[in-house]
Amino acid sequence: MTGNAIDYSTLFNKDLPAPAAQFEGHPKYNFIGGHSDPDSVPMEGFIEAATNVFSGDPKYMSMYSLDGPQGILPLRQFVVDKLRAHRGIEITTDEVLITSGSGQGIQIINDVLLEEGDTVIVEEFSFSGALNFLRKRNVNFIGVKIDDAGIRMDHLEEILEELRGKGIRAKYIYTIPTLQNPNGSVMSMERRHRMLELSAEYGVPIFEDECYADLVFEDKYEPAIKALDDTNRVLHIGSFSKNLGPAMRLGYMVAPWEIMSRFISAKADAGSGVMDQLIVGDYFTNHYDEHIQNLRAALRRKRDALGSALRESFGPNVEFEMPRGGMYLWMKFPNGVDVRDLVAPALKEGIAFNPGPDWSADPEAAANYIRLCFALPSEGDIWEGVEKMAEVFRSEGALP
């Protein structure tokens, strides 16, 4: 068949994002994204779990989900047990929905709760994916100030009161209270309780994203906000992508049935991959505590290496706090530095970092910040990459 080729550009949705660049391989010094520590991926444990799965009930592989649309029961039961033991949350398997990563959980909550023109409250620096979801929906979002103890409750109350004066009720308050992304803070207990009080006073639910909570380096730490909630004020999501690896696209949502029933109907993918669920459920049921302790130890070593390398190569020209866990470090440069101008020169030298504006409700307010993920590179590459990064920044005039 012959004829003129179709010009698809005339058919594209006018609201499409910019086209993706063709993949040209990963940089040598890769400090971007939510990559995990490759040496901590439990391949032998996965093989053992897969063997157990393939020896199990074949009905699990012959249906979209043998245990219904919320996900397989063994994995939901693991979530119930984990959240009770480690986050203080008391729920049943009926209050758990398995998702294809925590990003799908964010999307579902937005699909169920938001319409164009609605208002939500987010942390001034926040997960870029969550902010992009809001931008695509033409939702108004207001950034609330955060510090090393999480959201500043005086500023949150000020925002809620101002909105009430305008006759606006925010649809939710989005927070990453435990190892905040990107600044790594952990919200204090006093502020967790105060947030619940404000939620009750203003009738605004709390959307709690705890996909990093397993990665706090201490064995005992602040419980989830959901654990302190005696009603239905908190919607809670988590992830297996950060404690096993981002290639394992699994997460979970926690909500009471009157809301969960809406989440299920909005999850339009016929269920998350059953094979992944079975393997993760089997592996974590048998090895969770051991794996998490090993992963935390590896991430702690890399965090310490990154902090030392930054002090040696950047000196007093930058500011940062050492996070209590997780995989990110949030670094501030002097005022007047625009890190967006440094992305391309750094990439030419094989160095990739996340510019702060991508992680901010107000991009200009984060022009002099960068986010560094320290989980993927080896300790040797961390030292080399930071030294080269400092050289690039100096050659571009961003450092003295």
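- A salt bridge is absent between E208 and R87; no separation between the charged side-chain nitrogens and carboxylate oxygens falls under 4.0 Å.
- Although no hydrogens or angles enter the test, the distance criterion places no donor-acceptor pair under 3.5 Å between the side chain of R137 and the main chain of G117.
- For E201, the CD atom sits in a packed shell: over 12 heavy atoms of surrounding residues, nucleotides or ligands are nearer than 6.0 Å.
- Using bins of under 30°, 30° to 60° and over 60° for the plane-to-plane angle, the ring pair H26/H35 lands in the perpendicular bin.
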Side chain to side chain contact (heavy atoms under 4.5 Å, CB included) evaluation trace for N317 with F333
CA-CA 7 Å; N317 300 299; F333 288 82; over 6 Å; no
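- No side-chain heavy atom of F207 sits less than 4.5 Å from a side-chain heavy atom of H236.
- The main-chain N or O of Q104 is never found under 3.5 Å from a side-chain atom of T99 such that the two would form a donor-acceptor pair.
- Taking hydrophobic clusters as Ile, Leu, Val, Met, Phe, Trp and Tyr residues chained together by side-chain heavy-atom distances below 4.5 Å, Y328 shares a cluster with V343.
- For CZ of R194, the number of neighbouring non-hydrogen atoms (other residues, nucleotides, ligands) closer than 6.0 Å is greater than 12.
- The aromatic rings of H291 and F284 sit tilted, their planes meeting at an angle between 30° and 60°.
- If you look at F46 and H287, their ring centroids are not closer than 6.0 Å.
- Separating the CD1 atom in I176 from the SG atom in C211 is a distance of 6.5 Å, to the nearest 0.5 Å.
- Partner of W330 under the ring pair (Phe, Tyr, Trp, His ring centres under 6.0 Å) criterion, chosen from F320, F125, F353: F125.
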Test Y283 against V280 for side chain to side chain contact (heavy atoms under 4.5 Å, CB included), laying out the working first.
CA-CA 5 Å; Y283 175 74; V280 171; 5.9 Å; no
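- Applying the 6.0 Å contact sphere to CD of E321 captures no more than 12 heavy atoms from other residues, nucleotides or ligands.
- We find the CD-CD1 distance between Q180 and I146 to be 4.0 Å, quoted to the nearest 0.5 Å.
- Legend: residues meeting side-chain contact (heavy atoms from CB on, under 4.5 Å) with S36, ordered by chain and number and at least two apart, are V41, P246.
- When all heavy atoms are compared, the tightest approach of I91 to V96 is CD1-CG2, 3.6 Å.
- No donor-acceptor distance shorter than 3.5 angstrom exists from the side chain of N110 to the backbone of L114, with no hydrogens or angles considered.
- E364 places none of its side-chain heavy atoms less than 4.5 Å from the side chain of P357.
- A donor-acceptor distance shorter than 3.5 angstrom exists from the side chain of S265 to the backbone of R262, with no hydrogens or angles considered.
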Walk me through it: do Y288 and D214 pass the test side chain to side chain donor-acceptor pair (under 3.5 Å)?
CA-CA 10 Å; Y288 174 80; D214 290 347; 3.2 Å; yes
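- One finds the OG1 atom of T178 at 7.0 Å from the CD1 atom of I225 (value rounded to the nearest 0.5 Å).
- Judged purely by atom type and a 3.5 angstrom limit, R296 uses its side chain to pair as donor or acceptor with the backbone of V216.
- With hydrogens and angles ignored, the 3.5 Å screen pairs a side-chain donor or acceptor of Y221 with a backbone N or O of A213.
- For N181 (side chain) and N183 (main-chain N/O), no donor-acceptor pair under 3.5 Å exists by modelled atom type.
- For the residue pair S313 and R394, no side-chain donor N or O sits within less than 3.5 Å of a side-chain acceptor on the partner.
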Could you go through the side chain to side chain contact (heavy atoms under 4.5 Å, CB included) check for L228 and V234 one step at a time?
CA-CA 9 Å; L228 310 175; V234 180; over 6 Å; no
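- No single ILVMFWY cluster, assembled from side-chain heavy atoms under 4.5 Å apart, contains both I89 and W257.
- Counting non-hydrogen atoms of other residues, nucleotides and ligands closer than 6.0 Å to CD of E396 gives a total above 12.
- Side-chain atoms of Q293 and D219 include a donor-acceptor pair closer than 3.5 Å.
- When the shell of 6.0 Å around CD of E258 is examined, it contains more than 12 heavy atoms from other residues, nucleotides or ligands.
- At a threshold of 4.5 Å between non-hydrogen side-chain atoms, the residues P323 and R303 count as touching.
- Screening residues 142-152 for side-chain hydrogen bond (donor to acceptor under 3.5 Å, both in side chains), with sequence neighbours left out, gives D147-R191, R152-D154.
- A donor-acceptor distance shorter than 3.5 angstrom exists from the side chain of K302 to the backbone of A375, with no hydrogens or angles considered.
- Using a 4.5 Å heavy-atom cutoff, the side chains of L131 and V122 are in contact.
- Side-chain N/O atoms of T175 and E123 include a donor and acceptor closer than 3.5 Å.
- Here the side chains of D37 and L376 are not in contact, with every heavy-atom distance at 4.5 Å or above.
- Counting only distance, with no hydrogens or angles, the side chain of R300 and the backbone of L295 share no donor-acceptor pair below 3.5 Å.
- Taking CG of L329 as the start and CG of L310 as the end, the distance is 6.0 Å to the nearest 0.5 Å.
- E162 and K166 are joined by a salt bridge, as a carboxylate oxygen and a charged side-chain nitrogen come within less than 4.0 angstrom of each other.
- Looking only at side-chain heavy atoms (C-beta outward), N294 and S40 stay at 4.5 Å or farther from each other.
- Residues M389 and F393 are in side-chain contact: their nearest non-hydrogen atoms beyond the backbone lie under 4.5 Å apart.
- Relative ring orientation between F127 and W359 is described as tilted, the plane-to-plane angle lying within the 30° to 60° band.
- Of the possible polar contacts, none joining the K28 side chain to the G350 backbone as a donor-acceptor pair under 3.5 Å is found.
- Using a 4.5 Å heavy-atom cutoff, the side chains of I32 and L372 are not in contact.
- Of the charged side-chain nitrogens involved, none lies within less than 4.0 Å of a carboxylate oxygen, so that D276 and R249 do not count as a salt-bridged pair.
- A continuous path of Ile, Leu, Val, Met, Phe, Trp and Tyr side chains, each step under 4.5 Å between heavy atoms, connects V274 with F54, placing both in one hydrophobic cluster.
- The CG atom of L306 lies 7.0 Å from the CZ atom of F374; values are rounded to the nearest 0.5 Å.
- Within a 6.0 Å sphere centred on CD of E115, other residues, nucleotides and ligands contribute 12 heavy atoms or fewer.
- Scanning all heavy atoms of the two residues, the minimum distance from L399 to A390 falls at CD1-O, 4.2 Å.
- D358 and S360 share no donor-acceptor pair across their side chains, judged by distance under 3.5 Å alone.
- Hydrophobic clustering (side-chain heavy atoms under 4.5 Å, transitive across Ile, Leu, Val, Met, Phe, Trp, Tyr) groups V79 together with L250.
- Counting only N and O atoms by type, the side chains of D94 and T92 include no donor and acceptor under 3.5 Å apart.
- In R169, the CZ atom is not crowded: 12 or fewer heavy atoms of neighbouring residues, nucleotides or ligands sit closer than 6.0 Å.
- Summarising the geometry, atom NZ belonging to K267 is positioned 4.5 Å from atom OG belonging to S100; distances are rounded to the nearest 0.5 Å.
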Please determine whether side chain to side chain contact (heavy atoms under 4.5 Å, CB included) holds for the pair I98 and I72, giving the CA-CA distance in whole Å, both sets of side-chain angles, and the decisive distance to 0.1 Å.
CA-CA 8 Å; I98 301 299; I72 66 164; over 6 Å; no
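- A salt bridge does not link D304 to R301: none of the charged side-chain nitrogens sits closer than 4.0 Å to a carboxylate oxygen.
- A continuous path of Ile, Leu, Val, Met, Phe, Trp and Tyr side chains, each step under 4.5 Å between heavy atoms, connects Y29 with V339, placing both in one hydrophobic cluster.
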